[in-house]
Structures are given as structure tokens and as C-alpha cells.
**Q** 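Following this message is one structure expressed as C-alpha cells.
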Amino acid sequence: MSSLKCFYCGRRWGQPENSFLFIEWGERVKLQVCPECCKPICQVCMKRNGECPHCAFLRREQRAKEISAILQDMRVYSKNYAGRIPLDMTVPQQEFELWDWYDTREEALDALKYNVASSDLNLIYELQYLRDTEEDETEGGGTYYHTVWSCKCMAGRYKEKKKQ
């Protein structure tokens, strides 16, 4: 039997039956606990790069944590910002534009930030808000007008300051 590689810490083990603690999960999936990092990995997926429901869940959960960490460190500069932007020019920049409209500017910015973070970028610059007016018919037969928001930007990575 070939060795298994832990999805989290990357450690390889000789004989999986002897090196891992087996845990039942679901009907057909056997999980193992890596003795190095103590996280559960799948006996099946680590051998053949498949994806069982549990591993799909673990990967989505891991990706959500990564995006959350990027969102916490996200930097935003509007189009009107006149100062220096610490942009890392070695990473390609991308243009982002929301195609949906939101009730508030904050909701639109949050959606834009999520899209940028999903692309592993952590700096928004040249941010522009787009505003439009929608109309809804009221129960009394009148018309209610309200403002909806969207936004667009350029995005990249911010340059880390070098420690001296």
C-alpha cells in the first residue's frame, strides 16, 4: 500500500493502517487523524486525489478561512485618493466590477471585497461607486423611487514593507 500525505501539514507516512487513527464518517468514508498536526484526513482522497463529501467540506471551510483572513487585511483606496498606494507591481492587477445592485454602498463594497479576496488580492484602488434609481409600485398604486448601488475598482496586492 502506498504512503499517504496529509492535506494540511504535508507529512507522508509509510503504512497508513499503522500510522493513523481511523474514524468512521458517513457510510463509506474513513477519516484518519494525522499524528503530526492532529487534523482529520480522508483515507480515500489522499491516495487518489478524489474528493469525498467530507474532504470537499474541509476544503471549502479552509478556503473560507483564507478569504476571511484576506478580508481582515484588505486595504481600500478610492478613485479620489491622492496619496501613494503601496501596490506590488510584481503581481498582475485586475479590474473588478459588480453586475448586481445593492440597497446600500456598504453592501456593494462588501460584495466587491469578497470578489477581490476570492482572487487572492488584498488591495482595492481606484474604487468608484455607481448609483442608479429603481422604482417600485406601491400597494396604493403609487411609485416608490429608491437608490441602488454598485461599484468597480482595480485590485492588486499591497507591497509589504521590508524589515531592516
Side-chain angles (χ1 to χ4, degrees), residues 2-14 16-79 81 84-130 149-163:
S2 64
S3 66
L4 292 177
K5 180 180 176 184
C6 179
F7 174 76
Y8 299 99
C9 69
R11 180 146 183 199
R12 288 196 173 275
W13 299 95
E17 308 92 84
N18 302 330
S19 301
F20 287 93
L21 169 67
F22 285 89
I23 304 169
E24 290 290 328
W25 188 86
E27 295 177 11
R28 298 186 187 133
V29 179
K30 288 192 181 274
L31 298 183
Q32 303 164 335
V33 176
C34 174
E36 183 72 21
C37 65
C38 299
K39 293 188 179 178
I41 64 169
C42 177
Q43 168 192 5
V44 177
C45 293
M46 293 303 123
K47 284 195 284 189
R48 66 169 198 251
N49 291 332
E51 192 164 276
C52 68
H54 178 71
C55 290
F57 171 77
L58 288 178
R59 287 186 178 103
R60 283 192 307 270
E61 191 176 77
Q62 181 67 28
R63 183 64 182 149
K65 287 179 184 177
E66 291 169 1
I67 290 173
S68 177
I70 292 171
L71 286 170
Q72 287 179 352
D73 293 336
M74 179 94 42
R75 297 182 186 186
V76 180
Y77 298 92
S78 78
K79 185 169 178 95
Y81 181 73
R84 184 181 162 280
I85 298 174
L87 184 62
D88 185 353
M89 297 305 283
T90 62
V91 177
Q93 288 86 47
Q94 286 182 288
E95 185 175 355
F96 287 86
E97 184 171 354
L98 295 177
W99 298 103
D100 293 329
W101 294 89
Y102 297 87
D103 291 332
T104 66
R105 285 172 44 141
E106 291 77 21
E107 289 175 3
L109 181 58
D110 288 343
L112 184 71
K113 283 180 175 181
Y114 185 82
N115 290 346
V116 170
S118 296
S119 296
D120 292 325
L121 302 173
N122 58 7
L123 184 132
I124 292 175
Y125 64 100
E126 293 185 16
L127 173 66
Q128 292 179 329
Y129 288 101
L130 309 171
W149 297 90
S150 188
C151 48
K152 65 180 183 177
C153 72
M154 290 297 294
R157 286 196 165 276
Y158 62 81
K159 187 183 285 189
E160 298 286 336
K161 291 184 179 180
K162 294 180 184 177
K163 293 182 180 178

**Q** Would you give me the side-chain donor-acceptor pairs under 3.5 Å for residues 112-129, sequence neighbours excluded?
**A**
from, atom 1, to, atom 2, distance (Å)
Ser118, OG, Tyr114, O, 2.9
Asp120, OD1, Arg63, NH1, 3.0
Asp120, OD1, Arg63, NH2, 3.2
Asn122, OD1, Tyr158, N, 3.0

**Q** Scan the side chains in residues 67-74 for donor-acceptor partners under 3.5 Å anywhere in the protein, sequence neighbours excluded, and list what turns up.
**A**
none

**Q** If we only count heavy atoms from C-beta on, is the Ser150 to Lys152 side-chain gap below 4.5 Å?
**A**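 SC-SC contact between Ser150 and Lys152 ruled out.
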**Q** Quick one: closest heavy-atom pair of Cys151 and Ala108, and the distance?
**A**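 Minimum heavy-atom contact is SG-O, 3.5 Å.
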**Q** In residues 93-107, what donor-acceptor pairs under 3.5 Å come from side-chain atoms, sequence neighbours left out?
**A**
from, atom 1, to, atom 2, distance (Å)
Gln93, NE2, Val91, O, 2.8
Thr104, OG1, Glu107, N, 3.1
Glu107, OE1, Asp103, N, 3.4

**Q** Roughly how far, to the nearest 0.5 Å, is CD of Glu61 from CD of Glu66?
**A**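 Answer for the CD-CD pair, Glu66 versus Glu61, is 11.5 Å.
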**Q** Quick one: side chain to side chain donor-acceptor pair (under 3.5 Å) partners of Asp88, sequence neighbours excluded?
**A**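 With sequence neighbours excluded, Asp88 shows a side chain to side chain donor-acceptor pair (under 3.5 Å) to Thr90, given in chain and number order.
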